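Side-chain atoms are counted along with the backbone in the values below, which use heavy atoms only and exclude waters and symmetry mates. All values reported here derive from a predicted model rather than from experimental measurement. Chain A is the first sequence line, chain B the second, and so forth, proteins listed ahead of strands; every chain is numbered from 1.
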Number of protein chains: 4
Amino acid sequence: MRALVKPAPGPGMALRDVPVPPCGPSDVLIRVHHAGVCGTDLHIWEWDSWASNRLKPPVVIGHEFAGEIVQLGREAEAAGLLAVGDLVTAEGHIVCGHCLQCRRGAAHLCQRTQIIGVDRDGAFAEFIVMPASNVMRLDGIPTEVGAIMDPLGNAVHTVLESEVPGSTVLVLGCGPIGCFAVGVARAAGASLVIASDFNPMRLALAHTMGAHLTLNAGSDDVLARVREHTGGDGVDLVCEMSGHPSGHAQAFAAARLGGRVNLLGTPSRTTEVDFARDVIFKGLTLYGVTGRKMYETWDEMRRFLRAGQLDPRPVITHRFPLESIGEAIQVIKDGQAGKVILEVAA
Amino acid sequence: MRALVKPAPGPGMALRDVPVPPCGPSDVLIRVHHAGVCGTDLHIWEWDSWASNRLKPPVVIGHEFAGEIVQLGREAEAAGLLAVGDLVTAEGHIVCGHCLQCRRGAAHLCQRTQIIGVDRDGAFAEFIVMPASNVMRLDGIPTEVGAIMDPLGNAVHTVLESEVPGSTVLVLGCGPIGCFAVGVARAAGASLVIASDFNPMRLALAHTMGAHLTLNAGSDDVLARVREHTGGDGVDLVCEMSGHPSGHAQAFAAARLGGRVNLLGTPSRTTEVDFARDVIFKGLTLYGVTGRKMYETWDEMRRFLRAGQLDPRPVITHRFPLESIGEAIQVIKDGQAGKVILEVAA
Amino acid sequence: MRALVKPAPGPGMALRDVPVPPCGPSDVLIRVHHAGVCGTDLHIWEWDSWASNRLKPPVVIGHEFAGEIVQLGREAEAAGLLAVGDLVTAEGHIVCGHCLQCRRGAAHLCQRTQIIGVDRDGAFAEFIVMPASNVMRLDGIPTEVGAIMDPLGNAVHTVLESEVPGSTVLVLGCGPIGCFAVGVARAAGASLVIASDFNPMRLALAHTMGAHLTLNAGSDDVLARVREHTGGDGVDLVCEMSGHPSGHAQAFAAARLGGRVNLLGTPSRTTEVDFARDVIFKGLTLYGVTGRKMYETWDEMRRFLRAGQLDPRPVITHRFPLESIGEAIQVIKDGQAGKVILEVAA
Amino acid sequence: MRALVKPAPGPGMALRDVPVPPCGPSDVLIRVHHAGVCGTDLHIWEWDSWASNRLKPPVVIGHEFAGEIVQLGREAEAAGLLAVGDLVTAEGHIVCGHCLQCRRGAAHLCQRTQIIGVDRDGAFAEFIVMPASNVMRLDGIPTEVGAIMDPLGNAVHTVLESEVPGSTVLVLGCGPIGCFAVGVARAAGASLVIASDFNPMRLALAHTMGAHLTLNAGSDDVLARVREHTGGDGVDLVCEMSGHPSGHAQAFAAARLGGRVNLLGTPSRTTEVDFARDVIFKGLTLYGVTGRKMYETWDEMRRFLRAGQLDPRPVITHRFPLESIGEAIQVIKDGQAGKVILEVAA
């Protein structure tokens, strides 16, 4: 089959012919229809220090995908819950099931997580093998949406780890996951959603996803505008999606006394924090968001999508075939893309 | 009456004769038996920048106390819930009842809080007037314990803002509130309580309060020992009571994946935080602790004390009369004291 | 002033001239604009066994209202948080602040609650006196909506005592509070809201308030339709607003394994419950709803109303002047009304 | 191997020689050391209507056990988390992993649960095969305790589904699980644990497990004594372990306003409930307890056991070899036993 592979240490990816992976007794083999390109894939392409420390080439890249089941292992078939022909997506974290985190309902923090497209072969390929327990039927959700339920799930996790109905929400950073977070907050009944970014194209996407107010962090006084729109209180929830240390300071300042800051954007350097002023005397709660709750987040997301309360498709700005991965990576680097997906099969 | 007063801007306090405060319709007048000396009182004595910006002398100092009701205002009397002769303590935060925080069950973060002994006359005096709604009957708890329920409540708030039964807890910093936190964690069913400090006298108090393991941060490898005692996982809950930036780094490192760090110790400077490594990829929750939940914390604390599950008295190392406030302040500055109380009347 | 009074034991109410009530130091005096007529007022009118055991005539009736502050007591004025001219509504439960429930964030269950219009003079009058702490500014919400925030708050309490975003909700009984619950569930991001009643007029109101599906309990197989629309699972949340024992059986059967039944409708007789089959083996949670959380419910409700996410006005079907109380009671008894309000002043 | 089998429809069990079960790729084969006899086994022995509708003989009985791993399937071995020689116990509910409940963190309510010893071969045998994911290492917990972690887990689930530290708890019914619940409540920091039963032997066991007060429901006024010991408030949590309709009425009456009733005892007939008086006006929460949370309950239980906070062994009153199952059943029927275990191997 054709697959995008990191063939050896170093930048770039290569389109190669590789064997279709074997389907173990508890596995299913899936023909990939669509796959999402993630910031992580950019790190892998660039072969930065994180990537070079983590990946063991050769490995097929890609962890966001949806497609069609074409084969089931013996045990997966016996369970009778999935069938050939089912359109599905899958959680890309394969977990141990035995560590403290797996046993305490926090499998997304499993001590032995293997991520597809990073620690084992991934989804930028015609076929992928997944443990049946990681697979979810789409039940009418289109595969191009199924292919981005991984990052959409990051947004659902970030937003719903708070009591959203009637709340005021500030989304800092309007990359694809930030834009998704805007839509999730609206779907979940937030009363006010404010989105901030430096990039007008991204702010336009945030507006399309339902932001009541968009602020250009380069020209607007974000903090002043947030206070103005919240009666001086600040917001109940800040979703920090930017990963910039300046975003952290703004997040703590914009949250109300007793408010919450959920952090998803991963900064590349440290932040100076005034814990006394910004966290302790404010009674704030901070929460670090990793992945998607397995599988509460997926179920919540499916409900929003199937009910039509949330449509992430306006965030998809570019579609490429597998062989154009270089172009896909470039539009992301240029900062002029929302979500970029690969069309593998249809 | 005799009272310890900050008579004018500048260091120190003065023992003065001042009028017994008038008892308003919703107030009660309390004859003070015991009062606790707090780190805040040290800041006030020293007249540091916080104190000089906040206090408007002359003001009677002191916010931790217990005593006997000697008079009730008309409305307080009509309510029929308190009576002359009742031994009581009181929450020292007087709140507005109308702001967002007061209306959302977070009155301890009220936007208009007035603190006794800081923003209005306090408890280092023979008598104090308090709104009846802030007053709680001791119902058998001795007044010397009642006098320290304010800082004990800080510890209860810090520890119980987590699911304690069966959990593993690290207390960083064994000043009086850290030592209280050890006792609270044990009373609440923690399976393992580790306490760390640089000061052997404080570690001995922490041991007395029930720590399974005490670590000297100057000579022990705290992180290694924590991992060794938690099967390599790290602890469920870190109570950061030290306020040292080094405590923050240790707190984040010692917490398990998906764990919690409750921060009470107020640092005097900023901390460098690696949010990606220490918070986001670990899925941590951080919580800033201000005061005591009004009044959940008080009720929980009363139950522990009345059931005999928690006895904070070993932490009380010094007792002084009002006029020896200078000596009381000195033993605290010397770092050789646990909790210091003033014996006002009996 | 003019007021609707229960002058003595027995059915009916009388329009009387009574003195304007005196405004105590912590009180405000409010000129009533609109008042809501509640099922409780019907019990009082009819003088049923509950009413005859509880009320001590003479008493001014009415507990749902909104109006304008015309006078403040000394302490209320000093607080500076309310002013003459403010349009306000108020929580009608006046609580002690000292009992276990008041101290544990459950003041709506206070052991010494006094309800206006039941235990002390109420709001079917030109003026009413309320403790300032019970009063909330409308900040742009019309007084006719303010007048029904008490029952609307019952619905908010019932619905939000669950995790609503993305959930499936069944509302059993579409009287005014049931219809409000439909609107609240939609505003809070429910993915599916099903409403059931025997009365087509009420089902039409539920539809107007946003029900995705309305079922006539007299002709539809409610349980079968619920399962059909939930993939066979049953709903996450049942709001039992009918108070009929048949509603209870249906509620337990319609809830999914691990689901929740919040009960507000107060039955007049006992229900046979098969706890093993319906509660224990299903892992259900049942919750009895009394009043409104003080004051979380009020704040949540204000947010929904001010953001325009929830408009309860379609449920208001009748408006009468004070003197037409008999007519107001009759339309409620006839079962052809949604919410009925009294127009007292404007 | 030797096994206790229900060979055909009808009362009793038979000791038979049956083949050692085959170990699938994701399974482990365990040599049973100890097994617990449960009330469910009594129903199976008696062949009551539940048993005759559910079981498909021949089936090996028994679902509570601990033992030693003697073989691992290929995938279980590859995972590297369990090893031959490990002493282990296991959750006896084998779940689908795909239904709504499994996906929402409520696998104990899985729609396709298979229970060992009921729906498939069980543990009253020399060997049992279990999916590796259901197996937990004992890590020092003795196998006779491991063998009763299933019912002990029922108690942990019942008690910890509440905020226990500092709370007041009433345990209604002191069979083995009720006695365990007493010990769990103490370990988790309850301030007052009251236990009630008609059977003096069981009350003595409850006392041994740490009940502050034991009440004989035949001679004591349970409700009056509960109120007397809770300042008139009633208890925060009632654990209903009796399954008697009279227990339900008592549970609702003994719970405080805003309290909680967790129901585990499964009644054989319906209960008359006055929802208005007992649930709605009291603001109660009721929760039906099925099984053990997978696997939060197991982790919490392991912590209590390994820390020595909880020792269930005093509740074990009888030990029998496999062949004496008839005698084991008889002592349970006689009501003179605590927990009864079978000693299979050592």
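- The most heavy-atom pairs under 4.5 Å with chain D, out of C:Leu100, C:Val273, C:Thr290, come from C:Val273.
- Aromatic ring orientation, C:Phe252 versus D:Phe275: tilted (interplanar angle from 30° to 60°).
- A salt bridge links C:Lys293 with C:Glu161: the distance from a Lys NZ or Arg NE/NH1/NH2 to an Asp or Glu carboxylate oxygen falls below 4.0 Å.
- Contacts between C:Val289 and chain D at a heavy-atom distance below 4.5 Å involve the backbone alone (N, CA, C, O).
- In terms of heavy-atom pairs under 4.5 angstrom with chain C, the leader among D:Arg256, D:Arg104, D:Arg277, D:Arg269 is D:Arg256.
- Between chain C and the options D:Val261, D:Thr266, D:Leu109, D:Asn262, heavy-atom pairs under 4.5 Å are most frequent for D:Leu109.
- For the set D:Thr270, D:Ile280, D:Leu257, the entry with the most heavy-atom pairs within less than 4.5 Å of chain C is D:Ile280.
- For D:Gln101, the part lying near chain C is the side chain, with the backbone staying farther off; criterion is any non-hydrogen pair under 4.5 Å.
- At a 4.5 Å heavy-atom cutoff, the contact between D:His248 and chain C is made by side-chain atoms alone.
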Next item on the list: Would you sort out whether C:Leu284 and C:Arg260 count as a side chain to side chain contact (heavy atoms under 4.5 Å, CB included), showing the intermediate values?
Entry: CA-CA 6 Å; C:Leu284 289 195; C:Arg260 194 172 174 98; over 6 Å; no
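- Side-chain atoms of D:His157 and D:Tyr287 include a donor-acceptor pair closer than 3.5 Å.
- The only member of C:Leu213, C:Val238, C:Val235 that meets side-chain contact (heavy atoms from CB on, under 4.5 Å) when paired with C:Val226 is C:Val235.
- For the set C:Gly258, C:Pro267, C:Ser268, the count of heavy-atom pairs under 4.5 angstrom toward chain D peaks at C:Pro267.
- In summary, the side chains of D:Thr168 and D:Asp236 do present a donor paired with an acceptor at a separation below 3.5 Å, with no hydrogens or angles considered.
- The environment of CD in C:Glu296 is crowded: more than 12 heavy-atom neighbours from other residues, nucleotides or ligands sit within 6.0 Å.
- Per-residue heavy-atom pair counts under 4.5 Å with chain D were compared for C:Leu264, C:Asp274, C:Leu263, and the maximum is reached by C:Leu263.
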